[in-house]
Amino acid sequence: MNVLVVGANGQIGKLLVEQLVQEGKHQVTAMIRKPEQAAALKEIGANVVMGDLEGSVDDLAQAMKDQNAIVFTAGSGGSTGPDKTLLIDLDGAVKTMEAAEQQGISRYILVSAYGADQRDKWPDEIKPYYVAKHYADRALFASELNYTIIRPGGLKNESGTGQVAVGTDLKPGSIARKDVARVIAASLQEEKTYRRAFDLIAGNDSVQDALSTL
């Protein structure tokens, strides 16, 4: 497939681009906002396209031309305020859903957050972030897209083990960003993940074995 990674310059996004290029199963395009981000992603082996999540749906749809699947890994980051969280993590995500539908792209994977579906689990200090993730998830549920929503636990910058746990009633936990990338890559064509939302933390099963239990 031709896979477009939205947020490709982010931590998970860049790891995912590397993962997909190394696997060699798909043609990978990295969507970025700043031209200076292009060289490093091209060096990895990805194509690059410009796209701004604060721009128009039509422009985003143009950036998605000839793609077969969209992976949304973008985020406003911890250094911004609730306004950017609203514009990127919620409205930016929804715009890419609308753009994908406009282009006739069915497959769409969204990286959400552990507990985004349960308001009683939202920490007060970052509640706007969880509100954004919650309603982006709901917009995707309501769409016609063949979605997968992945809700990772606390994110760590480690190499990962390739051993994970997935489900809808997992206890709180953490996971290496590299393992999140592995799960996204494996989910692209894993039918058990189609039109499913699940939590993701470090566990005891291989990625493929874990996904097969969904």
Side-chain angles (χ1 to χ4, degrees), residues 1-21 26-42 44-77 80-113 116 128-129 131-151 180-181 184-185 187-189 194-195 197:
M1 293 193 296
N2 294 335
V3 180
L4 179 70
V5 179
V6 180
N9 196 60
Q11 294 185 77
I12 292 175
K14 193 171 288 185
L15 289 168
L16 176 62
V17 169
E18 292 175 352
Q19 177 79 23
L20 292 172
V21 169
H26 309 293
Q27 185 68 42
V28 187
T29 299
M31 194 181 95
I32 56 173
R33 186 169 59 89
K34 298 178 181 178
E36 58 266 29
Q37 298 167 347
L41 289 158
K42 288 180 179 178
I44 293 170
N47 298 319
V48 171
V49 66
M50 303 304 297
D52 187 352
L53 293 174
E54 296 186 60
S56 70
V57 172
D58 287 346
D59 286 347
L60 288 168
Q62 187 61 32
M64 294 178 183
K65 190 176 180 182
D66 300 323
Q67 301 298 319
N68 306 117
I70 309 298
V71 180
F72 188 93
T73 69
S76 59
T80 61
D83 54 340
K84 282 293 184 183
T85 301
L86 183 68
L87 292 171
I88 302 299
D89 297 71
L90 176 52
D91 195 43
V94 174
K95 283 178 184 175
T96 63
M97 297 170 202
E98 294 173 359
E101 290 181 322
Q102 185 173 312
Q103 280 286 11
I105 302 166
S106 175
R107 190 74 179 107
Y108 187 105
I109 296 179
L110 176 66
V111 179
S112 182
Y129 169 79
V131 170
K133 292 297 186 186
H134 177 80
Y135 284 100
D137 289 4
R138 286 179 63 164
L140 191 50
F141 285 137
S143 76
E144 297 299 318
L145 297 168
N146 178 18
Y147 63 80
T148 298
I149 297 173
I150 300 173
R151 296 176 174 138
V180 177
I184 296 168
S187 295
L188 277 164
Q189 292 181 294
Y194 291 0
R195 299 193 70 81

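If you read the sequence from its start, that first residue is 1, and numbering goes on from there.
Listed here is the closest heavy atom pair of Thr73 and Gly7: OG1-O, 3.3 Å. Taking both residues in full, the closest heavy atoms of Asp137 and Ala116 are given as OD2-CB, 4.0 Å, listed atom of the first, atom of the second, then distance. In plain terms, the two heavy atoms of Leu41 and Ala8 that are nearest each other are CD2-O, 3.7 Å. Taking every heavy atom of both residues into account, Ile88 and Ser76 meet most closely at CG2-N, 3.8 Å. Annotation for Ser112 and Arg151: closest pair CB-CG, 3.7 Å, computed over non-hydrogen atoms. For the pair Gln67 and Leu4, the tightest heavy-atom approach, listed with the atom from each and the gap, is OE1-N, 3.3 Å.
Partner of Val49 under the side chain to side chain contact (heavy atoms under 4.5 Å, CB included) criterion, chosen from Lys65, Gln62, Met31: Met31.
At least one side-chain heavy atom of Thr96 sits less than 4.5 Å from a side-chain heavy atom of Tyr108. Here the side chains of Asp52 and Asp59 are not in contact, with every heavy-atom distance at 4.5 Å or above. Counting heavy atoms from C-beta on, the side chains of Gln27 and Asn68 never come closer than 4.5 Å. The closest side-chain heavy-atom distance from Asp58 to Gln102 is below 4.5 Å. Between Leu60 and Glu98 the shortest side-chain heavy-atom distance does not fall below 4.5 Å.
For the atom pair Thr85 OG1 and Asp91 CG, the distance stands at 12.5 Å (nearest 0.5 Å). Taking CD1 of Ile109 as the start and OG of Ser187 as the end, the distance is 5.0 Å to the nearest 0.5 Å. To the nearest 0.5 Å, the span separating CD1 on Ile105 from CE on Met64 amounts to 6.0 Å. Atom CG of Leu90 is separated from atom OH of Tyr129 by 12.5 Å, given to the nearest 0.5 angstrom.
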Per-pair distances, 0.1 Å, donor-acceptor, side chain in residues 9-20, under 3.5 Å, sequence neighbours excluded:
| from | atom 1 | to | atom 2 | distance (Å) |
| --- | --- | --- | --- | --- |
| Gln11 | OE1 | Asn157 | ND2 | 3.2 |
| Gln19 | NE2 | Glu23 | OE2 | 2.9 |

Donor-acceptor contacts under 3.5 Å from residues 140-148 side chains, at least two apart:
| from | atom 1 | to | atom 2 | distance (Å) |
| --- | --- | --- | --- | --- |
| Ser143 | OG | Leu140 | O | 2.7 |
| Ser143 | OG | Leu145 | N | 3.1 |
| Thr148 | OG1 | Arg107 | NH1 | 3.0 |
| Thr148 | OG1 | Arg107 | NH2 | 2.8 |
| Thr148 | OG1 | Thr193 | O | 2.7 |
| Thr148 | OG1 | Thr193 | OG1 | 3.3 |

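Between the side chain of Thr29 and the backbone N or O of Val48, no donor-acceptor pair lies under 3.5 Å. At least one donor-acceptor pair closer than 3.5 Å links the side chain of Lys95 to the backbone N or O of Leu53.
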Side chain to side chain contact (heavy atoms under 4.5 Å, CB included) between Glu54 and Lys84, intermediate numbers included: CA-CA 10 Å; Glu54 296 186 60; Lys84 282 293 184 183; 2.6 Å; yes
